[in-house]
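Given the structure is predicted, the values throughout are model-derived calculations rather than measurements.
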Number of protein chains: 2
Amino acid sequence: MAKRTNDPEGLRRRVLDVAAEAFQRQGYHATGMHDLMRQAGVTGGALYHHFPTKKALGLAVIAERVAPQVQETWIDPVLAAPSTAAGIRAVLADIIAGLDARGAVSGCPLNNLALELSLSDIDFRAEIQAVFARWRGALAGKLRAEGRQDAEALAAFVVAAYSGAMAMAKADQTSDALAVCAGQFDALLG
Amino acid sequence: MAKRTNDPEGLRRRVLDVAAEAFQRQGYHATGMHDLMRQAGVTGGALYHHFPTKKALGLAVIAERVAPQVQETWIDPVLAAPSTAAGIRAVLADIIAGLDARGAVSGCPLNNLALELSLSDIDFRAEIQAVFARWRGALAGKLRAEGRQDAEALAAFVVAAYSGAMAMAKADQTSDALAVCAGQFDALLG
DNA sequence: ATATTTACAGACCGGTTGTCCGGTTTTAAA
DNA sequence: TTTAAAACCGGACAACCGGTCTGTAAATAT
């Protein structure tokens with residue numbers, strides 16, 4: 001029996017980090033629990049102790065990794081910007097710069113999991129739907145405060161177009177689709 | 001040994017139909033070969049004779065089922081319409097009506113497979129990218145013929161927004177996102 | 001110091017995965 | 001009629017899947 005240091009929070013964090021990365025890169029079903037154990041340097045007993053099932057781990061990844069990522073990369077910057085249009089422009093510019101710097105496009109984590117899981121499992125769907133709703137809601141709130149009467153529709157459209165553009169970008173491994181998206185948003189939101 | 005009737009084309013067609021449906025409903029990795037055999041009423045030997053690997057089957061599904069579906073539900077109707085804007089409007093109206101009638105949203109088959117496979121396998125990515133390119137190209141061609149100078153960008157944006165709207169629709173099992181999308185397209189394309 | 005709970009180790013299980021192969025039947029060619 | 005190729009059967013395969021178990025070390029309460 002090897003030495004060991006108890007560190008529940010750290011271990012849990014490590015597992016979530018590895019799982020979030022793997023789910024985004026390879027997908028949920030393509031990622032095995034044993035892969036995660038190996039990558040995170042965690043044994044089966046420890047993993048099972050924190051996440052009783054793979055589904056529980058998946059839900060935790062969405063709630064504690066994907067949702068905060070949407071919050072930090074999209075919602076917060078847009079809300080902090082002088083205008084919604086400027087915020088969206090800045091967010092897209094940041095994302096495009098990041099993609100070009102890394103030279104690879106792994107897609108929007110929310111959308112990846114959404115398309116893979118939302119149909120087959122109702123709990124996943126609920127969690128994913130909630131993230132989408134908060135995302136749209138935040139944009140719509142700011143748009144409404146700026147006097148737009150079609151705020152909800154505009155917000156939904158922006159989120160949809162971004163998600164789809166990211167999917168296309170993933171397929172052809174270029175940020176072009178996002179750049180196009182940014183240009184159209186400028187024309188649309190003034 | 002049971003009686004048997006040789007019917008290569010029919011068997012191949014049946015397998016592709018079942019696989020296309022299963023891949024869309026459950027995803028590629030979540031669908032097992034044995035499930036497909038059972039659903040299609042086909043033995044392992046027969047399946048292996050026509051598709052040496054699961055990947056080969058997946059590629060065939062994209063080339064012979066998903067791509068034609070994009071062609072028939074999107075490209076052909078738009079090209080046949082009096083104007084691109086009218087064509088897109090009609091296509092979206094049809095899709096929304098179909099979704100509402102079925103009461104379930106299983107998402108855009110191209111996008112489903114794109115997000116699940118394009119990152120992990122280069123052959124899948126190439127096939128998917130080609131379908132996206134043909135889709136955008138067809139819309140762009142018609143837009144350019146109508147005198148639009150930002151035809152390529154507009155076409156890419158339409159495809160992206162539709163794909164993303166379908167993803168959101170899948171997450172909340174409502175055609176609302178697509179309706180929003182249709183409305184914005186009207187404003188955008190006049 | 002003792003008892004209890006929490007955190008982790010690591011082997012293990014039944015089921016499923018994609019794949020493959022030896023044999024048989026059907027079909028077409030010679 | 002003989003021969004060969006294509007189509008199909010049905011099951012076995014090793015690897016792997018997610019999940020479970022027993023046991024032990026560490027932390028915490030008593």
Side-chain angles (χ1 to χ4, degrees), chain A residues 1-23 25-62 64 113 116-117 120-124, chain B residues 1-23 25-62 64 113 116-117 120-124:
Chain A
M1 194 77 66
K3 266 296 189 64
R4 128 161 84 103
T5 55
N6 278 10
D7 179 20
E9 287 104 5
L11 191 146
R12 188 186 152 88
R13 186 177 45 78
R14 249 164 47 227
V15 169
L16 282 174
D17 287 343
V18 167
E21 198 269 343
F23 288 168
R25 215 191 41 223
Q26 329 169 357
Y28 177 81
H29 285 111
T31 301
M33 288 301 227
H34 293 274
D35 295 346
L36 296 179
M37 295 177 203
R38 201 174 32 80
Q39 281 183 244
V42 167
T43 60
L47 184 61
Y48 179 73
H49 179 72
H50 290 276
F51 306 99
T53 61
K54 185 182 186 182
K55 175 176 168 178
L57 175 57
L59 289 172
V61 165
I62 296 177
E64 301 178 38
L113 293 175
E116 187 178 0
L117 301 173
S120 48
D121 189 291
I122 191 164
D123 297 315
F124 276 117
Chain B
M1 194 77 67
K3 263 298 189 61
R4 133 161 84 101
T5 55
N6 278 12
D7 179 20
E9 287 106 4
L11 191 146
R12 189 186 151 89
R13 185 176 46 78
R14 247 165 46 227
V15 169
L16 282 174
D17 287 343
V18 168
E21 198 270 344
F23 287 168
R25 215 190 42 221
Q26 327 171 354
Y28 176 82
H29 284 112
T31 301
M33 288 301 224
H34 293 275
D35 295 345
L36 296 179
M37 295 176 203
R38 201 171 33 78
Q39 282 183 244
V42 166
T43 61
L47 183 67
Y48 180 74
H49 179 72
H50 290 276
F51 306 100
T53 63
K54 186 182 185 182
K55 176 175 166 178
L57 174 58
L59 289 172
V61 164
I62 296 177
E64 302 178 37
L113 293 175
E116 187 177 0
L117 301 173
S120 49
D121 189 291
I122 191 166
D123 296 316
F124 276 118

Partner residues of B/R13 under the side chain to side chain contact (heavy atoms under 4.5 Å, CB included) criterion, sequence neighbours left out: B/D17, B/R65

Tell me every residue that passes side chain to side chain donor-acceptor pair (under 3.5 Å) with B/T31, counting only those two or more places apart in sequence or in another chain. B/Q26

What is the distance, to the nearest angstrom, from the CD atom on A/E9 to the P atom on D/dA27? 13 Å

Give every pair of a protein N or O atom and an N or O atom of nucleotides 15-19 of chain C that lie under 3.5 Å apart, one pair per line with the distance.
residue	atom	partner	partner atom	Å
C/dG18	OP1	B/T31	O	3.2
C/dG18	OP1	B/K54	NZ	2.5
C/dG18	OP2	B/M33	N	2.6
C/dG18	N7	B/H34	NE2	3.1
C/dT19	OP2	B/K54	N	2.7

A/R14 has an atom CZ; how far is it from atom C1' of C/dA7, in whole Å? 13 Å

Please report, rounded to the nearest Å, how far the P atom of D/dA26 is from the CG atom of A/N6. 8 Å

Tell me, do B/L113 and B/F124 make a side-chain contact under 4.5 Å, heavy atoms counted? no

Please state how far atom CZ in A/R38 lies from atom C1' in D/dC17, giving the value in whole angstrom units. 14 Å

Results of side chain to side chain contact (heavy atoms under 4.5 Å, CB included) for B/D35 - residues two or more places apart only: B/R38, B/Q39

Whole-Å distance between C/dC20 P and B/H49 NE2? 15 Å

Can you figure out which of C/dA7, D/dC8, C/dA9 approaches the side chain of B/A46 most closely? D/dC8

Once side chain to side chain donor-acceptor pair (under 3.5 Å) is applied, do any residues pair with B/R25, and if so which ones, sequence neighbours excluded? B/E21

Partner set under side chain to side chain contact (heavy atoms under 4.5 Å, CB included) for B/H50, not counting sequence neighbours: B/P8, B/L11, B/R12

